[in-house]
Amino acid sequence: MKLIAFIFLFCSIIFPYPQAECHAASFYYARVEEENVGFYSSKRDASPLFYMEQSYFVQIYGDEDLYYKAKFKDIDGYVKKEEVKVVEGTPKLSYPQPSMSVYALDGLGLYKSPTLKSSALIETVPYLNTNLTYYGKIEGENVPGKTTLWYYCKFSSLTSSQEGYLYSLFCDCDTIAPNTEVLNYLTTPPIFSPQGQDGSGLSATAKTFIILSVSLPCAYVLYLLIKPTREALKTKARRPRHRRRDYFEFDENDL
C-alpha cells in the first residue's frame, strides 16, 4: 500500500490538475471597442490592411512591443495593443459575416490596394457573384462625387482564392449589426504560451511520451503487487488433499 501511495503522489506531482497550471494560453480574443481600429499586415505599415468592425473580435497570439500578433479569420497580422481589449473566454460570434454580391454588369475589379488603377487589378469578380468573404473596410480612391468606401474581402472561384479590395459603389454588403455579447475583460496582461502548447509549457506530444514513460512502469509494478507468485502457486499445487476418514478412525495428528 505504501508503494501504491508513492506512485500516486509521484504522478500527481508530474501531472498536476489543470487548475494548478498558470493562466497562459496559446491565444486570446480581444474586442474592438472603437471605430477605425486597424488590422495591419506588418508593424512597419503606416496604414492598416483594413479597419475591423466595432464590437467584434480579433484573435491575438503573441506580444510584439506595442502590437499583438493577431489573426482575423484566416489572415495573420498585427493589431495595436492600445486599440483593443483582451477578454476572457471565447465569443460565440467572433467576426462579422455579412453577405456580399457584385451588381456591376461587366463585373467588378478586385484590387491589391483601394485604387481604381488598372496596374493594381488582381482579377474581375463576375456580375451577381456572391462567393465573397468580408473582412473589413477602408477609405480609398473614388469616382468623383461618389463614396470613398472600399471593402477588403476574399473572392473564391473554382480554381483559386484571392484577397483584395472591392469598390463599394458597385457592391452590395449587408448591414452589420453590433455584437452585443457580454464577456469579462482580462484584468492582467495576457501570457502567451508557444503555439501548440498549453499553460504547462509542454507540447501535447511531449506530455504523451511522459505519461507513457511513467504509466507503463507504474502499471507493471501494480501487476507485480497483485499477481500470485510462482512459488505460491507451486505450494498450493503440492498441498495434499485430506483423505476422508471414518468417524472412529484414529489419526496421530489429532493428538
[X] and [Y]: which non-hydrogen atoms are nearest, and at how many Å?
| X | Y | result |
| --- | --- | --- |
| A120 | S113 | CB-OG, 4.0 Å |
| G89 | Y29 | O-CD1, 4.0 Å |
| F39 | A70 | CE1-CB, 3.8 Å |
| F155 | L110 | CB-CD2, 4.1 Å |
| G164 | I122 | CA-CD1, 4.3 Å |
| N179 | S55 | N-OG, 2.8 Å |

So do [Y] and [X] actually touch side chain to side chain, heavy atoms under 4.5 Å?
| X | Y | result |
| --- | --- | --- |
| Y152 | L49 | yes |
| V37 | V79 | no |
| C171 | Y151 | yes |
| Y95 | F72 | yes |
| E139 | L149 | yes |
| V102 | L132 | yes |
| I138 | Y165 | yes |
| V87 | F57 | yes |

Gap separating the [atom1] atom of [X] from the [atom2] atom of [Y], nearest 0.5 angstrom:
| X | Y | atom1 | atom2 | result |
| --- | --- | --- | --- | --- |
| T133 | I75 | OG1 | CD1 | 9.5 Å |
| E123 | S157 | CD | OG | 5.5 Å |
| E163 | S161 | CD | OG | 8.5 Å |
| K137 | I176 | NZ | CD1 | 6.5 Å |
| M100 | C153 | CE | SG | 4.5 Å |
| K80 | D65 | NZ | CG | 13.5 Å |

Taking [atom1] in [X] as the centre, count heavy atoms belonging to other residues, nucleotides or ligands within less than 6.0 Å. Is the count above 12?
| X | atom1 | result |
| --- | --- | --- |
| E64 | CD | yes |
| D74 | CG | yes |
| K112 | NZ | no |

If we ignore hydrogens and angles and just use 3.5 Å, is the side chain of [X] paired with the main-chain N or O of [Y] as donor and acceptor?
| X | Y | answer |
| --- | --- | --- |
| R31 | V86 | no |
| Y167 | V143 | yes |
| T148 | E141 | no |
| N129 | P126 | no |

Kindly indicate, with the supporting measurements, whether the criterion ring pair (Phe, Tyr, Trp, His ring centres under 6.0 Å) is fulfilled by Y127 and Y103. CA-CA 5 Å; Y127 172 59; Y103 62 84; 8.4 Å; no
Derivation of the side-chain contact (heavy atoms from CB on, under 4.5 Å) call for V32 and Y56: CA-CA 6 Å; V32 180; Y56 284 85; 5.6 Å; no
Using a side-chain heavy atom cutoff under 4.5 Å and only I, L, V, M, F, W and Y, what cluster partners does Y78 have? Y40, L66, Y67
Do NZ/NE/NH1/NH2 and the carboxylate oxygens of K92 and E181 come within less than 4.0 Å? no
Tell me whether the centres of the aromatic rings in F27 and F192 are closer together than 6.0 Å. no
Within 45° of the ring axis of Y68 and under 6.0 Å from its six-membered ring centre, is that where the NZ or CZ of K81 lies? yes
Kindly indicate whether a cation-pi arrangement holds for K73 with Y135, taking the cut-offs as under 6.0 Å to the six-membered ring centre and within 45° of the axis. yes
side-chain contact (heavy atoms from CB on, under 4.5 Å) between V125 and L166, intermediate numbers included: CA-CA 9 Å; V125 179; L166 288 176; 4.0 Å; yes
Any link between F170 and L128 through a network of hydrophobic side chains (Ile, Leu, Val, Met, Phe, Trp, Tyr) touching at under 4.5 Å? no
Just checking, any donor-acceptor pair under 3.5 angstrom between side chains of E88 and Y28? no
Yes or no on side-chain contact (heavy atoms from CB on, under 4.5 Å) for Y134 and C173, after CA distance, side-chain angles and deciding distance? CA-CA 9 Å; Y134 176 87; C173 182; 4.0 Å; yes
